[in-house]
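For reference, the structure discussed in these notes is given below.
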Amino acid sequence: MTSLLTPIEILRPQRLEFGPGMVGTVGAWARERGVTRTLVVADAFNAARVDLLALPGQVTVFGEVKPEPDIPNLDKALALAEATGAELVVGFGGGSAMDLAKLVAVLPGSGQTLHEVVGPEKVLGRRVLLAQVPTTSGTGSEAGTRALVTDPATQNKLAVQSRHMLADLAIVDPDLTLTVPAAVTAATGVDAMAHCTEAFTSRKAHPLIDLYALEGIRLVGRYLARAVADGGDREARAGLALASLYGGYCLGPVNTTAGHAVAYPLGTRHHIPHGLACAVIFPHTLAFNAPAMPDKTALVLDALGLPRSAEEAVVSEATTEFCLKLGIEMRLGALGVPRDDLPRMAAEAHAIRRLLDNNPRDLPQDGILRMYETAF
């Protein structure tokens, strides 16, 4: 595990605004910079409320972001970006919209293809401004340098990491999340908590990031059930927005571990929303890692308001119950995953070494398969 003697680099958006009613700041900021052409990358719901951004000049909207964006989805957005010649790209939505916005900001006119920039720090630069405005509390993508897109040919997620994809401006307005349904609130909240938990228990865990990780978990423990029960609870929404932001801080220098690796095939192969996939897997990977990280596992449970333990069975039962009380469906079979696909999923998850190599305990392929079978 890392220590205070381990070097670490922290990157943050150049400007970050947090608080209710801040969404219109995007327009004022764009005016200050003389922006006349903007491309907003959004899902269909948020495309219908782009006026909230109060953007100046010509505003073009790509409103077709898919829940699990793939290369054809990205290609459509890139084509529109080429045609409009935008000076500013705005990601307006959940993690999918913000991830696509990052790629739309760096690829057009660069001479680089998506496959040429997959991996760490291969993007050559960025010639346009980039702003990110999250409307869910889950990914924390507004604060990060990574973008994920699915390759339909392999059904694997391609991960691009680049400091050039860090936002110039991030606006975290928790009032934008008031319309998020209870089921999505629950799943995305567990996703934010999973980002924090996996970073906190990672081989690469660092005291500088532990601060954000543990507080993010505490915020989820304090506010997620409240927001699920009452979507209009503005304090709870603000607490979750902050937890999501802290989770995004965790992703940069530390990143996730087995939880996300095991969850990815649920989205790429069976189109289960990312937050829901992470929620289903969360109890199993936290419990598996408990013997390797007993003290931190106990702190995670305490932060969620659960009894401290490092025993696998106790950890699994407690965190599964935590998710069930939020109304999350925790059975893969009920989510439409066919049992005969579990071995293929385990093989794909085991190949995601960029995440599994961060895990504090070696997770073999048959161990992943057992997790899927237990969750089935």
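Worth saying up front: this structure is predicted, and the values here are computed from it rather than measured. Just so you know, these numbers use all the heavy atoms, side chains as well, and skip hydrogens, waters and symmetry mates. The first residue of the sequence shown is numbered 1, and numbering continues consecutively from there.
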Evaluate the side-chain contact (heavy atoms from CB on, under 4.5 Å) criterion for residues Lys122 and Val160: first the C-alpha distance (whole Å), next the side-chain angles of each, then the deciding distance (0.1 Å), finally the verdict.
CA-CA 8 Å; Lys122 295 181 181 178; Val160 180; over 6 Å; no

Checking Thr285 against Asn359 for the side-chain contact (heavy atoms from CB on, under 4.5 Å) test, could you report, in this order, the C-alpha distance in whole Å, the side-chain angles of both residues, the deciding distance, and whether it holds?
CA-CA 10 Å; Thr285 50; Asn359 205 59; 5.8 Å; no

Evaluate the side-chain contact (heavy atoms from CB on, under 4.5 Å) criterion for residues Leu335 and Met330: first the C-alpha distance (whole Å), next the side-chain angles of each, then the deciding distance (0.1 Å), finally the verdict.
CA-CA 8 Å; Leu335 294 172; Met330 299 294 287; over 6 Å; no

Can you list the steps and then say if Val190 with Val220 is a side-chain contact (heavy atoms from CB on, under 4.5 Å)?
CA-CA 8 Å; Val190 175; Val220 170; 5.8 Å; no

Which is it for Glu312 and Arg361 under the salt bridge (Lys or Arg N to Asp or Glu O under 4.0 Å) test, yes or no, and what are the steps along the way?
CA-CA 13 Å; Glu312 289 188 56; Arg361 184 180 175 193; 3.4 Å; yes

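For the pair Arg234 and Asp175, the salt-bridge criterion is met [side-chain N within less than 4.0 Å of a carboxylate O]. Taking 4.0 Å as the cut-off between side-chain N and carboxylate O, Asp366 and Arg370 count as a salt-bridged pair. For the pair Arg126 and Asp168, the salt-bridge criterion is met [side-chain N within less than 4.0 Å of a carboxylate O]. Ion pairing of Glu68 with Lys157 is present here, as a side-chain N (NZ or NE/NH1/NH2) and a carboxylate O approach within less than 4.0 Å. Using a 4.0 Å cut-off between charged side-chain N and carboxylate O, Glu373 and Arg331 make no salt bridge. With respect to the salt-bridge test (charged N to carboxylate O, under 4.0 angstrom), the residues Arg146 and Asp99 do not qualify. Remark: Asp230 does not engage Arg226 in a salt bridge, criterion side-chain N to carboxylate O under 4.0 Å.
Here the side chain of Glu142 pairs no donor or acceptor atom with the backbone of Ile171 at under 3.5 angstrom. Side-chain atoms of Ser244 come within 3.5 Å of backbone atoms of Gly138 as a donor-acceptor pair (strictly under, hydrogens ignored). Glu87 places a side-chain N or O within 3.5 Å of a backbone atom of Arg37 that can act as its donor or acceptor partner. Using modelled atom types, no side-chain atom of Gln161 and backbone atom of Gly144 make a donor-acceptor pair closer than 3.5 Å. A donor-acceptor contact shorter than 3.5 Å links the side chain of Asp173 to the backbone of Gly21. No donor-acceptor pair closer than 3.5 Å links the side chain of Arg15 to the backbone N or O of Ala170. Judged by distance alone, the side chain of Gln132 and the main-chain N or O of Met98 form a donor-acceptor pair under 3.5 Å. Side chain of Asp341 to backbone of Val337: no donor-acceptor contact under 3.5 angstrom is found. The backbone N or O of Leu208 lies less than 3.5 Å from a partner atom in the side chain of His206, making a donor-acceptor pair. The backbone N or O of Gln155 sits less than 3.5 Å from a side-chain atom of Thr268, completing a donor-acceptor pair.
Contact of the Thr374 side chain with the His284 side chain is registered, since non-hydrogen atoms from C-beta on lie closer than 4.5 Å. With contacts defined as side-chain heavy-atom distances shorter than 4.5 Å, the pair Val104/Leu80 does not qualify. Side-chain contact check for Val26 versus Phe92: every heavy-atom pair is 4.5 Å or farther apart. Using a 4.5 Å heavy-atom cutoff, the side chains of Leu211 and Glu215 are not in contact. Annotation: side chain of Val35 is not in contact with side chain of Gln58 (no heavy-atom distance under 4.5 Å). Residues Ile328 and Leu324 are not in side-chain contact: their nearest non-hydrogen atoms beyond the backbone lie 4.5 Å or more apart. At a threshold of 4.5 Å between non-hydrogen side-chain atoms, the residues Leu276 and His274 do not count as touching. Within the 4.5 Å cutoff, no side-chain heavy atoms of Asp70 are placed close to those of Asp151.
Arg344 forms no cation-pi arrangement with Tyr372, by the criterion of a distance under 6.0 Å to the ring centre and an angle within 45° of the ring axis. Cation-pi contact between Arg12 and Tyr249: present, with separation from the ring centre below 6.0 Å and deviation from the ring axis of at most 45°.
Taking both residues in full, the closest heavy atoms of Met293 and Phe200 are given as CE-O, 4.2 Å, listed atom of the first, atom of the second, then distance. Closest heavy-atom contact between Thr145 and Leu11: CG2-CD1, 4.2 Å. Minimum heavy-atom separation, Ala261 to Ile352: O-CD1, 3.6 Å. Gly94 approaches Asp43 most closely through the heavy-atom pair N-OD2, 4.4 Å. Heavy atoms only, all atoms of each residue included: Ile281 and Gly259 are closest at CG2-O, 3.7 Å. Residues Thr256 and Glu198 come closest through the heavy atom pair CB-OE1, 3.1 Å.
Neither side chain, Ser110 nor Arg127, offers a donor N or O lying under 3.5 Å from an acceptor on the other. Using modelled atom types, one finds no donor on one side chain facing an acceptor on the other under 3.5 Å when comparing Lys102 with Ser162. A donor atom on one side chain and an acceptor atom on the other are not found under 3.5 Å apart for Lys66 and Asn73. Side-chain polar atoms of His195 and Asp191 form a donor-acceptor pair below 3.5 angstrom. Donor-acceptor pairing under 3.5 Å is lacking for the side chains of His260 and Asn255. A donor atom on one side chain and an acceptor atom on the other are found under 3.5 Å apart for Asn46 and Thr135.
The number of heavy atoms from other shown groups lying within 6.0 Å of NZ (Lys325) does not exceed 12. The local environment of CD in Glu116 is crowded, with over 12 non-hydrogen atoms from other residues, nucleotides or ligands closer than 6.0 Å. Counting heavy atoms of neighbouring residues, nucleotides and ligands inside a 6.0 Å radius, atom CD of Glu317 does not exceed 12 of them. Residue Glu121 places its CD atom among more than 12 non-hydrogen atoms of other residues, nucleotides or ligands, all under 6.0 Å distant.
Going from atom CG of Asp362 over to atom CZ of Arg203 covers 7.0 Å, rounded to the nearest 0.5 Å. For the atom pair OG1 (Thr257) and CG (Leu355), the distance works out to 7.5 Å, reported to the nearest 0.5 Å. A distance of 6.5 Å separates OG1 of Thr60 from CG of Leu39, quoted to the nearest 0.5 Å. The CD1 atom of Ile272 sits 11.0 Å away from the SG atom of Cys278 when rounded to the nearest 0.5 Å. Distance OG1/Thr319 to CZ/Phe282: 5.5 Å, rounded to 0.5 Å. Met371 CE to Leu342 CG: the interatomic distance, rounded to the nearest 0.5 Å, is 13.5 Å.
Cluster membership check: Leu74 shares its hydrophobic cluster with Val128, using side-chain heavy-atom separations under 4.5 Å among Ile, Leu, Val, Met, Phe, Trp and Tyr. Leu306 is connected to Val300 through a chain of hydrophobic side-chain contacts under 4.5 Å among Ile, Leu, Val, Met, Phe, Trp and Tyr, so both are in one cluster. Val314 and Leu304 fall into different hydrophobic clusters, where Ile, Leu, Val, Met, Phe, Trp and Tyr residues are linked whenever their side-chain heavy atoms come under 4.5 Å apart, directly or through other members. Trp29 and Leu55 fall within the same hydrophobic cluster, defined by Ile, Leu, Val, Met, Phe, Trp and Tyr side-chain heavy atoms under 4.5 Å apart, directly or through other members. Val23 is connected to Leu169 through a chain of hydrophobic side-chain contacts under 4.5 Å among Ile, Leu, Val, Met, Phe, Trp and Tyr, so both are in one cluster.
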